[in-house]
Amino acid sequence: MFASGAWSRSCTPAAQEVHEAEGRHPEPTAGIIDAQSVKAAGSVPASSRNIDGGRKVNGRKRLIVVDCLGLLLAVMVTVVNVTGREAGGALLARLRKRYFRLMLVWADDGYTG
């Protein structure tokens, strides 16, 4: 379902309705990106997780982008030792193909460079 894009197609009309109800254009023009390191269960294959040295978490990292209303625009899950800059760049490139009006994304220091 996720790989096929079905989830994205099902959320988009609902998000557009929320934007219009708030008096906004249906497509977002700004967003916020952030990441979280998440501990993985022992049943998660070692090939899909790693150790985040700074946070001492053995698991995965999830990156999300939301619009200014807090509605989810994009999600990416990586091994935890991938930097926000590396994964964020790929996620934002994917996001830009979907949301043409997106002009500004706020991020913290982890995405500099």
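- For Ala87, the side chain to side chain contact (heavy atoms under 4.5 Å, CB included) partners two or more places apart in sequence, or in a different chain, are Leu63, Met76, Thr78, Val82.
- Proximity of a side-chain donor or acceptor of Arg96 to a complementary backbone N or O of Leu102 within less than 3.5 Å is detected.
- How far CZ of Arg94 is from CG of Leu92: 10.0 Å, rounded to the nearest 0.5 Å.
- Nearest heavy-atom pair, Asp67 versus Pro28, reported as atom, atom and distance to 0.1 Å: CB-CB, 3.9 Å.
- In the hydrophobic cluster analysis, where Ile, Leu, Val, Met, Phe, Trp and Tyr join through side-chain heavy atoms closer than 4.5 angstrom, Leu104 is grouped together with Val66.
- Its side chain outside the 4.5 Å cluster rule for every partner, Met103 clusters with none of the Ile, Leu, Val, Met, Phe, Trp and Tyr residues.
- Under the 4.5 angstrom side-chain criterion for Ile, Leu, Val, Met, Phe, Trp and Tyr, the cluster partners of Val18 are Leu69, Leu71.
- Pairs engaging residues 17-29 under the salt bridge (charged side-chain N to carboxylate O under 4.0 Å, His left out) rule: Glu27-Arg98 [sequence neighbours left out].
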